[in-house]
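Note on naming: letters A, B, ... go to the chains in the order of the sequence lines (proteins, then strands), and numbering restarts at 1 for each one.
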Protein chains: 2
Amino acid sequence: MAVSARRGSPLSLEEISSTALRLVDTGGVEALSMRKLAAELDVNPMSLYHHVKNKDALIGIICSTAAQRMTLPPDDGAPWPEQVRALALAYHRHAVEHPALWSYLLNHPESTADRNLVIWQTLYRILRLAGVPEPELRRTSDVLHAFVLGFIIAETQGHLPSDPEEIARNFDTAIRLITHGLAGLTG
Amino acid sequence: MAVSARRGSPLSLEEISSTALRLVDTGGVEALSMRKLAAELDVNPMSLYHHVKNKDALIGIICSTAAQRMTLPPDDGAPWPEQVRALALAYHRHAVEHPALWSYLLNHPESTADRNLVIWQTLYRILRLAGVPEPELRRTSDVLHAFVLGFIIAETQGHLPSDPEEIARNFDTAIRLITHGLAGLTG
DNA sequence: ACCTGAACACCGTTCAAGT
DNA sequence: ACCTGAACACCGTTCAAGT
């Protein structure tokens, strides 16, 4: 029988990636090693290679696993500044849960290159609502996404004061900068 | 004589850090290993530890070496939006030369924590000029710095189109977002 | 003071062998 | 099909020994 030596059920990609994600969330990307992950799963390090091509591929999988857990705000018909805020909040909440992943993401553009991802579609929709003309959509969304990434990573990595009140104020300043900026851009 | 085995002059911190910086600039932070660096310097890996506490300390030294090479625009009396642009351009030029360092920086807040650094003082000066009230200086500069970091890293890491024309356009969009944002914040 | 070699505890990954 | 152990080529770092 092809049964794992460690217990009844065999190793699954699901199990591998969720355990790996847990390691990364708690200890950062540098806390993830194939050998530690295998130990955590109570399995031989080399067994992992049967489910995953290599470490880079594994991190790629972790990223999409985590991305799917990000719940984006629906189009509720609210004014666009409120929708900008709601979207930024969604980024923010996700980043707090998976801080290391966002840092990794900023250094690995492949992960978010596909413009059909919900995250881009949502951003496009809100920018259209804000009056950004169609030929400027790509550029404006690129810049905004980079801004928000920078802010979120700065916060989760400890560049900013970490008491809850100051976090709220910083977030507010960021949102006001963006909404005023967008208004000025299109007005 | 306490003379290096490799040639006339002994190993110096200067030499170590500039060689290390070169490695990081060309191959990213992950291309820097104590052993490769030692090979590059034609020296035993362990000799490095006589000049530097460990790898982390070395990277810290590299960061400040590079930081000193960043030339910030002086106060030329120009209107604040132009000075914002000039400062952002300084960030940008530096980032193009040392892309890997900025990614590292965003994950290591210690490096830029000291508010007496020229970079913060310059930013404060410009924000005062833009009419940001004193009690908001810290917050506004934090947010802006995070935005610019995000944008610069996104660009140097390949999130954005890389043809020169599009780079200029993206930069322009970013600056306009920021200046309009600031104007709206204080107006 | 400055440099070195051997050694230790880690990595990712390949490959041939087991069931 | 799935798992494993031994092996290879790398890491950072300590420590005792050399000049």
Q: Check whether the side chains of B:Gln157 and A:His108 place a donor and an acceptor atom closer than 3.5 Å, and report yes or no.
A: no
Q: For DNA chain D, what are the stems built from at least three Watson-Crick or G-U pairs in a row, each pair having both distances below 3.5 Å?
A: C:4-8 with D:12-16, C:12-16 with D:4-8
Q: Using atom names, set out every protein N or O paired with an N or O of nucleotides 12-14 of chain C below 3.5 Å, distance rounded to 0.1 Å.
A:
residue, atom, partner, partner atom, Å
C:dG12, OP1, A:Met34, N, 3.0
C:dG12, OP1, A:Lys55, NZ, 3.1
C:dG12, OP2, A:Met34, N, 2.9
C:dG12, OP2, A:Arg35, N, 3.4
C:dG12, N7, A:Arg35, NH1, 2.4
C:dG12, O6, A:Arg35, NH1, 2.9
C:dT13, OP2, A:Tyr49, OH, 2.9
C:dT13, OP2, A:Lys55, N, 2.9

Q: How many Å lie between CG on A:Leu13 and P on D:dC2, as a whole number?
A: 12 Å
Q: Find the distance between CZ (A:Arg22) and CG (A:Leu32) and round it off to the nearest 0.5 Å.
A: 11.5 Å
Q: Could you tell me the separation between the NE2 atom of B:His50 and the P atom of D:dT19, rounded to a whole number of Å?
A: 16 Å
Q: I'd like to check A:Leu182 versus A:Leu127 (side-chain heavy atoms, cut-off strictly below 4.5 Å). Are they in contact?
A: yes
Q: If you measure from CG on B:Leu123 to CG on B:Leu72, what distance do you get to the nearest 0.5 Å?
A: 10.0 Å
Q: Once you round it to whole Å, what is the distance between P of D:dT19 and CG of B:Asn44?
A: 15 Å
Q: Rounding to an integer number of Å, can you tell me how far B:Leu48 CG sits from C:dT4 P?
A: 10 Å
Q: Give a yes/no on whether any side-chain N or O of A:Ser47 is located under 4.0 angstrom from OP1 or OP2 of D:dC2.
A: no
Q: Is the closest side-chain donor-acceptor distance between B:Gln83 and B:Arg125 under 3.5 Å?
A: yes
Q: Quick one: is A:His51 getting a side-chain N or O under 4.0 Å of the D:dC3 phosphate, OP1 or OP2?
A: yes
Q: Does a donor on one side chain sit under 3.5 Å from an acceptor on the other, for B:His94 and B:Trp102?
A: yes
Q: Regarding B:Thr71 and B:Arg93, is there a side-chain donor-to-acceptor distance under 3.5 Å anywhere?
A: no
Q: Quiz question: by atom type and distance under 3.5 Å, do the side chains of B:Tyr124 and B:Arg138 form a donor-acceptor pair?
A: no
